[in-house]
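So the structure is just underneath, and the comments pick up after that.
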Amino acid sequence: MNKKPFKAVDGPIIMLLAFAFMLVAQVVMSFAIIGVMSNPTAYEIINCIGMFVFQAVFMSVYLVYTKKRNIASTFTPRNKITIWSVLGAILIAIICFFCFIGLAYIFEILLAKTGYTSSEIGMDSVPAIVLLLIATVIVAPICEETIFRSAFLSGVTKVRKDEIGTSFLCGICFALMHMNPSQTVYQFCLGTIAAYITLKCRNVIPAMIIHATSNLLAMLMSLLDVGVAIDEFYMKVGTNWLIMILLCVAAPIIACVLVWLICKYLKKAEQKKYPDKYNLPRKVIWIDEVTKQPIYEGDEVPVITEENRIIQRGFSPFTGAPVLVDRLELQNALMDDYVRNNGEKTGGLGKKSYEKAFGIYFALTIALWFMTFIEGFIL
């Protein structure tokens, strides 16, 4: 059976459900953490296990939802991809990490100066380090990118056609979901770039690679105590405005230009080798008269002839006589109903449902982000 494309509402609903179930998992895991707080090694390991649980929740929501509704992502990993997009994603991750790190550090320092204290997962034991590496470099990139760059983008692109605005929106949602104020700036940058390359390559794999490479670089810096040296560097240059401008303004601008150029090349390479990925979704040409499910261009549909044009649609409740309808008129009515409920381009109920689901997600995540922010001043 051919899978249906995402509706606009499917993206934010998956994102909202994944976030809601993650909150439930966090509450459950908190009880396990409380019991081992006196044991530092066990505390670190339970925290790492919690990360696996959260990512499993993300992926489970996506798999169950898409299977139940028989829908397929626009940016599925099954789309073919060139080696250039893989290499380009690694290069973009390195560029972004070193060009955006200055902006992220300055934001973190400013938060610290206001009295905000962030909590980080410790890495004092070998088991914790191994688990954290697997969770952040392999599991999180796959699961989180599936939700944000595969599912959410597949929905939001039904109502938004501007790639830059769509990428920014995805980056904001990604940053808020993590509820980590000190990392918000970098997570926003990472989420935006990952969304942009996904739109260009029509595949979520480059975004997964960018996410994984970025997390790996961050882990290596932490393990090698490079972060301490960088902290000292930024403290020293804090009064040098020229260096600060270069680090916080010039470097991010350079990174954005380089990412734009690389993605532009990657799209050309992908279009040249795999043009089918960029074809518009097939049109709905028929609505099944029994199930009311759409049938797409290229699939078999009944041929309307004079013999089968008039069909029976039940019986009259008053006379019991068969109700006969013109099949062409019925199809027009069914198609109009489908467009009303799924016609994002015409501003129908599909768009309204999308706006409602997205609004709930955005309000929930921004409220919890501020709660975490306030908590950093209290604890």
With the side chain counted from C-beta on, respond yes when [X] and [Y] share a heavy-atom pair under 4.5 Å apart, and no when they do not.
X      : Y      : value
Val130 : Ile134 : yes
Met179 : Glu375 : no
Tyr196 : Cys201 : no
Glu144 : His178 : yes

Q: List for me each residue that meets side-chain contact (heavy atoms from CB on, under 4.5 Å) alongside Ala357, sequence neighbours excluded, and say none if there are none.
A: Val9, Pro12, Ile13
Q.
Can you list everything that forms a side-chain contact (heavy atoms from CB on, under 4.5 Å) with Thr365? Sequence neighbours excluded, please.
A. Phe19, Leu176, Tyr361
Any side-chain donor-acceptor pair under 3.5 Å between [X] and [Y]?
X      : Y      : value
Asn308 : Thr305 : yes
Glu108 : Gln183 : no
Tyr186 : Ser214 : yes
Ser167 : Thr192 : no
Thr213 : Asn215 : no

Q: Return each pair, listed once, that meets salt bridge (charged side-chain N to carboxylate O under 4.0 Å, His left out) where at least one residue sits in residues 186-200; pairs must be two or more places apart or across chains.
A: Glu163-Lys200
**Q.** Pair listing, ring-ring contact (aromatic ring centres under 6.0 Å, His included) test, anchored in residues 202-224, at least two apart
**A.** Phe174-His211
Q | Aromatic ring pairing Phe358/Tyr354, orientation class (parallel under 30°, perpendicular over 60°, tilted between) | A | parallel
Would you tabulate the side-chain donor-acceptor contacts of residues 56-65 under 3.5 Å, counting partners in other chains and residues two or more places apart, or write 'none'?
unit_1: Ser60; atom_1: OG; unit_2: Ala56; atom_2: O; d: 2.7
unit_1: Tyr65; atom_1: OH; unit_2: Asp10; atom_2: OD1; d: 2.6

Q.
Taking Glu270 first and then Lys277, would you say they form a salt bridge - that is, a charged N and a carboxylate O separated by under 4.0 Å?
A. yes
Q | For Leu324, the rest of its hydrophobic cluster, which grows through side-chain links under 4.5 angstrom | A | Ile310
Q) Any sub-3.5 Å donor-acceptor pair from Lys161's side-chain atoms to Thr157's backbone N or O? A) yes
